Amino acid sequence: MLLSHARNHALQTARPLPALLKSLFFNRLEGCLYRYLERRLTHHLLQCLQRLYPGVVLPGIVIEQPPKVELGDFAIPFFPFAKPLRSAPLKIAEAIRAEIGPIQGIGEMQVSPPGYLNVSIDRGWMAAALAADAKPTVELPRGKILVEHSSINPNKAAHIGHLRNAVLGDTFVRLLRYAGRSVDVQNYIDNTGVQVADVVVGFTRIEKKSRAEIEALSKGPRFDYYCWDLYAQVSKWYEADKQNLQVRLQTLHAIEDASTETAAIADLISVAVLRRHLETMDRLGIEYDFLPRESEILHLHFWDAAFTKLKEAGVLAYEAEGKNKGCWVMRRAGTSKSNSTTEGTEGTEGAEGGTEKDKITEEDQKVIVRSNGTVGYVGKDIAYHMWKFGLLGRDFGYRKFYRYPNEHDCWISTADGEKDHPHFGDVAEIYNVIDARQSEAQNTVIEALRGLGHNEAADHYTHFSYEMVALTPRCAAELGYSLSEEDKTRSYIEVSGRKGFGVKADDLLDTLIESAKKEVDSRHPQLSDSERGEIATQIAIGALRYFMLKFTKQSVIAFDFKEALSFEGETGPYAQYAVVRATSIFRKAGIDPEIFSGGGAGSISAVDLARYLNGEAGNEFWELWLASSKTSYVVEKCIATTEPAYLAKHVFQLAQLFNTFYHRHPILTEADDRRKQFLLATVVVVRRELIRALAIMGIIVPSVM
RNA sequence: GGGCGCGUAGCUCAAACGGAUAGAGCAUCGGAUUUCUAAUCCGACGGUUGCAGGUUCGAAUCCUGCCGCGCCUACCA
């Protein structure tokens, strides 16, 4: 791979852009100029080391980023080389610097104590490519990717926890698509589970409503809110008399039989609530391609097909005695197989236990099929995931369910569906956006795939794990919940749909829009109310989506209205505002930024750019250009680590650099026309990258703010 | 008990494979607007990275042991 970059060593300053682009394509570089230079540098360093120290076994080269631009753009520490080469790191760095020779796109190199080689990018070269928006070709892995996210139980309104899931998932989808991958988005619907059963119980037993009455209600606005309250009520009803739990069990069974009235009511409720969820997510620009439902996994006998294969492969074991007598069990993921063999010298039972191969201790057993013959959710999940990878030998029926304003259709599973439908499933890689509490269950599914011999599928199965959203005690108090003394001292309190304790997604969005609207109203009274409303909505979504992405996945978000409602500092609106300012410069100048970036900015020569970017005076500008060059690099990093927070960080840094630049350099009043052109080119590139990066986060920039 | 994760400024969070002076935002205090929009910018204050050892040229990061917290550990989903 590195060899393909090896040709074309000559450093050609002020090379005309078309030739430059041609060479870029010729070298088939990675998707990003910054990454390209990094790879190229690595390659030359390796060659150089081989020339200088033939035959010596050396550690790998690590390329870092220096803490400040003055120090250069890449830093290579030579400390690990000191011992094998029996030389001081500084001396080695110096030797490399003297030997390495020119590299296209790379400028100066300096040795820096205590043992770094600092390498600078050829600023003019890089800026010219950036201004022209040079897009190098990339070789993509083949195959479709399936991202599953949201998967909200269709029995109550979506809350902030679901929002985190959906925003993370949707952003990850956008990241993959930006990187050129083909992605299907699925939202798994558990429409036959306990949670739906509970709401059915609420309607039929507590409220004693008929199917027709429920249907009428379901057509009203925000039916999911009604269910939210009812669900909390049912939980109390169960608590009041444990006998009531019998009703839940009966209802659950009735729902699984599609021919019953109860099943019809459950379907009515779950479909109506699901529709509400899609509407809520649509407000945030989140769309799905397919909604597989548990009812079809049941009715199309996905489990039967999986069960047969699992038994054949010996993944499942039948328990003839003990706690799990009569069940089919699997080894719980993460438990070790060799408990008895590692320290097997002890105990005489070892001989007896050893004869039964792979005997799983009760503690390590995960029940997949209950003794009454019904299958648990992990079992259904195994079947579903075999389907995802095209390993089950069965398929869903499909029908259109929801049409987005942009004409995009979202499909849903049915027992027998439409003839013509897109092909879902049978993918090369999957990502499941599911909270961290389910990691054991997720790993168990992966182990089942391995047990079936599908190691490749298991290797391409990623549990995109994230932590929950909880409420700060203050926030809980604001919502009117009385807290125990113990709760008051906690840093956060878990939301509970069962208790009706939480912040609903639509409520939060409404509050955000209202708050943004007040600001917009006062700033732009000349605009029409609908225009102001649209801007406020875009700002609200920007604030919300940014808020959900600024935290790393493993951090529990302690939700607080004060922070979530903030439009200042490290927020979405801060970044949106930077773009609005950039756009407004062009508006005042009477230039279309899109046209300028095609003609004006792209036609500035590398020499001209270098004039302003080189030297100490150019550092502040270069910092901005360099940051702008990193969008694709950051996207790759986000995908590789399944961590969208890096993108949020990137956006904020870029916006922050731009705001400083904006403050220090008045552009429209700039007398020197060449300098003015340079400043405009800077703005246009930063603006373009900010808009792109924000779009990947699902954030649109308003016309004015 | 076992498994996973967390502990960094008053608060909320960052910190690339172990690298240069541990960074942001909020809060507090002090400044900046005849200017392309102040949802902005500049400055100040704020740290023994939970504790104790270890590994090495170098540790917030890796290892061991403690302390504290959360989640998982159902014939629920």
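Scope of the values below: all heavy atoms of this structure, side chains included, with no hydrogens, waters or symmetry mates. Model, not experiment: these values are computed from the prediction. Numbers restart at 1 for each chain; the letters A, B, ... are given by sequence-line order, proteins then strands.
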K.L.:
Nearest to the A:Leu71 side chain among B:A20, B:A39, B:G19, which nucleotide is it?
P.N.:
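Between B:A20, B:A39, B:G19, the one nearest the side chain of A:Leu71 would be B:A20.
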
K.L.:
Kindly write out the residues that satisfy salt bridge (charged side-chain N to carboxylate O under 4.0 Å, His left out) with A:Asp521, not counting sequence neighbours, or none if the list is empty.
P.N.:
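For A:Asp521, the residues satisfying salt bridge (charged side-chain N to carboxylate O under 4.0 Å, His left out) (neighbours in sequence not counted) are A:Lys517, A:Arg532.
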
K.L.:
Taking donor-acceptor contacts at under 3.5 Å, does the side chain of A:Asn118 reach the base of B:A20?
P.N.:
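Present.
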
K.L.:
Show the atom names and distances, to 0.1 Å, of all donor-acceptor pairs under 3.5 Å that link a side chain in residues 581-590 of chain A to residues at least two apart or in another chain.
P.N.:
unit_1   : atom_1 : unit_2   : atom_2 : d
A:Arg581 : NH1    : A:Asn659 : OD1    : 2.8
A:Thr583 : OG1    : A:Val579 : O      : 2.9
A:Thr583 : OG1    : A:Arg687 : NE     : 2.9

K.L.:
With A:Asp381, which residues qualify under salt bridge (charged side-chain N to carboxylate O under 4.0 Å, His left out), at least two apart?
P.N.:
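Partners of A:Asp381 by the salt bridge (charged side-chain N to carboxylate O under 4.0 Å, His left out) criterion come out as none, since no residue qualifies.
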
K.L.:
List every contact pair, protein side and nucleotides 29-34 of chain B side both N or O, where the distance is under 3.5 Å.
P.N.:
none

K.L.:
Who are the salt bridge (charged side-chain N to carboxylate O under 4.0 Å, His left out) partners of A:Asp198, not counting sequence neighbours?
P.N.:
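For A:Asp198, the residues satisfying salt bridge (charged side-chain N to carboxylate O under 4.0 Å, His left out) (neighbours in sequence not counted) are A:Arg248, A:Arg498.
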
K.L.:
How far does the C1' atom of B:A20 sit from the matching atom of B:C26, given to the nearest Å?
P.N.:
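Straight-line distance between the two C1' atoms is 29 Å.
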
K.L.:
Would you write the dot-bracket representation of RNA chain B, where each base gets (, ), [, ], | or . depending on whether it forms a Watson-Crick or G-U pair under 3.5 Å and with which partner?
P.N.:
(((((((..((((.....[...)))).(((((.......))))).....(((((..]....))))))))))))....

K.L.:
I need the residues from residues 583-591 of chain A with at least one non-hydrogen atom less than 4.0 Å from RNA chain B; give them sorted by number, or say none.
P.N.:
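Those residues are A:Ser584, A:Ile585, A:Lys588.
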
K.L.:
Answer yes if the side chains of A:Glu319 and A:Gln365 hold a donor-acceptor pair under 3.5 Å, and no otherwise.
P.N.:
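Present: a donor and an acceptor within the cut-off.
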
K.L.:
Run the salt bridge (charged side-chain N to carboxylate O under 4.0 Å, His left out) test against A:Glu531 and tell me which residues pass, sequence neighbours left out.
P.N.:
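Expected list: none.
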
K.L.:
Between protein and nucleotides 72-77 of chain B, map the contacts as a letter string: B base, S sugar-phosphate only, - none, heavy atoms under 4.0 Å, written 5' to 3'.
P.N.:
SSSBSB

K.L.:
If I pick the C1' atom on B:U61 and the same atom on B:G18, what distance separates them, to the nearest angstrom?
P.N.:
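The answer is 7 Å between these two C1' atoms.
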
K.L.:
What's the closest nucleotide to the side chain of A:Thr660 if the choices are B:C36, B:A15, B:C41?
P.N.:
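Looking only at heavy atoms from C-beta outward on A:Thr660, the closest nucleotide is B:C41.
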
K.L.:
Protein within reach of the bases, or only the backbone? For nucleotides 22-27 of chain B, mark each nucleotide 5' to 3' as B, S or -, using heavy atoms under 4.0 Å.
P.N.:
--SSS-

K.L.:
Could you classify B:C13 for me, syn or anti, using a glycosidic angle within 90° of 0 as syn?
P.N.:
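B:C13: anti.
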
K.L.:
When you check the gap from the basic side-chain N to the acidic O, do A:Glu620 and A:Arg664 get nearer than 4.0 Å?
P.N.:
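Judged by the 4.0 Å cut-off on N to carboxylate O distance, A:Glu620 and A:Arg664 do form a salt bridge.
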
K.L.:
Can you see if the side chain of A:Tyr466 gets near the phosphate of B:G5 - specifically, an N or O under 4.0 Å from OP1 or OP2?
P.N.:
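False: A:Tyr466 side-chain N/O out of range (4.0 Å or more) of B:G5 OP1/OP2.
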
K.L.:
Taking B:A60 as the reference, what is the distance to B:G50 when you measure between their C1' atoms (whole Å, please)?
P.N.:
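To the nearest whole Å, 12 Å.
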
K.L.:
Show me, pair by pair, the donor-acceptor contacts under 3.5 angstrom made by side chains of residues 58-68 of chain A, not counting sequence neighbours?
P.N.:
unit_1  : atom_1 : unit_2   : atom_2 : d
A:Gln65 : OE1    : A:Lys630 : NZ     : 3.0
A:Gln65 : NE2    : A:Tyr34  : OH     : 3.2
A:Gln65 : NE2    : A:Tyr633 : OH     : 3.4

K.L.:
Provide the distance between the two P atoms, one in B:A59 and one in B:G53, to the nearest whole Å.
P.N.:
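Comparing P positions in B:A59 and B:G53 gives a spacing of 14 Å.
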
K.L.:
Excluding sequence neighbours, so at least two apart, what forms side chain to side chain contact (heavy atoms under 4.5 Å, CB included) with A:Leu298?
P.N.:
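By the side chain to side chain contact (heavy atoms under 4.5 Å, CB included) rule, A:Leu298 matches A:Thr192, A:Glu256, A:Lys380.
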
K.L.:
Using 30° and 60° as the class limits, which term best fits the ring planes of A:Tyr662 and A:Phe658: parallel, tilted or perpendicular?
P.N.:
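Correct class here is tilted.
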
